[in-house]
Amino acid sequence: MSDTMKTELQPEITANCETGAFKTFYGQDYRFKGRNPDYDAAGTATEFLLVEADGKEPLDGSSASGYDVALGQFKALCPDRVN
């Protein structure tokens with residue numbers, strides 16, 4: 001069995017849509033900071049800024065950073081913030 005299959009998920013995800021603070025199914029805490037002013041359609045910068053709750057640097061958008069998964073969960077909870 002792969003390590004992915006061994007990861008225990010949380011029973012729910014939560015978000016404060018006003019502050020941007022949210023918790024994923026993996027139990028990770030993030031903050032949605034809004035649109036990235038450096039975004040470009042060529043993909044050299046992410047469209048939105050996500051920061052780990054205890055970090056200062058935004059996620060880089062790679063699959064290794066978990067950006068897409070975390071953003072998808074925030075979008076599900078706060079669709080009006082991500083438009």
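Residues take their numbers from the sequence shown, with the count starting at 1.
Hydrophobic clustering (side-chain heavy atoms under 4.5 Å, transitive across Ile, Leu, Val, Met, Phe, Trp, Tyr) groups L77 together with F25. Linking ILVMFWY side-chain heavy atoms closer than 4.5 Å, directly or via other members, places I13 and Y26 in a single hydrophobic cluster.
Under a 3.5 Å cut-off, the side chain of N16 and the backbone N or O of A21 do not form any donor-acceptor pair. Although no hydrogens or angles enter the test, the distance criterion places a donor-acceptor pair under 3.5 Å between the side chain of R81 and the main chain of C17.
Taking both residues in full, the closest heavy atoms of T19 and R31 are given as O-NH1, 3.1 Å, listed atom of the first, atom of the second, then distance. What you find for L50 and L71 is that their closest heavy atoms are CD1-N, 3.7 Å.
Contact annotation: the side chain of Y30 approaches that of T24 to within less than 4.5 Å [non-hydrogen atoms, C-beta and beyond].
Summarising the geometry, atom CG belonging to D68 is positioned 11.5 Å from atom CD belonging to Q73; distances are rounded to the nearest 0.5 Å. The distance from atom CG of N83 to atom NZ of K75, rounded to the nearest 0.5 Å, is 10.0 Å. Here CG of D54 is found 10.0 Å from CD of Q28. Values are rounded to the nearest 0.5 Å.
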Kindly determine whether R35 and E47 satisfy side chain to side chain contact (heavy atoms under 4.5 Å, CB included), including the steps that lead there.
CA-CA 6 Å; R35 288 204 176 275; E47 184 174 4; 2.8 Å; yes
Taking only distance into account, with no hydrogens and no angle test, what donor-acceptor pairs under 3.5 Å do side-chain atoms of residues 58-67 form with protein atoms, sequence neighbours excluded?
| residue | atom | partner | partner atom | Å |
| --- | --- | --- | --- | --- |
| D60 | OD1 | S62 | N | 2.8 |
| D60 | OD1 | S62 | OG | 2.7 |
| D60 | OD1 | S65 | OG | 3.3 |
| S62 | OG | S65 | N | 3.2 |
| S65 | OG | S62 | O | 2.8 |
| S65 | OG | Y67 | N | 3.3 |
| Y67 | OH | F48 | N | 3.1 |
| Y67 | OH | F48 | O | 3.0 |

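The aromatic rings of F74 and F22 lie tilted to each other, with the angle between the two planes from 30° to 60°.
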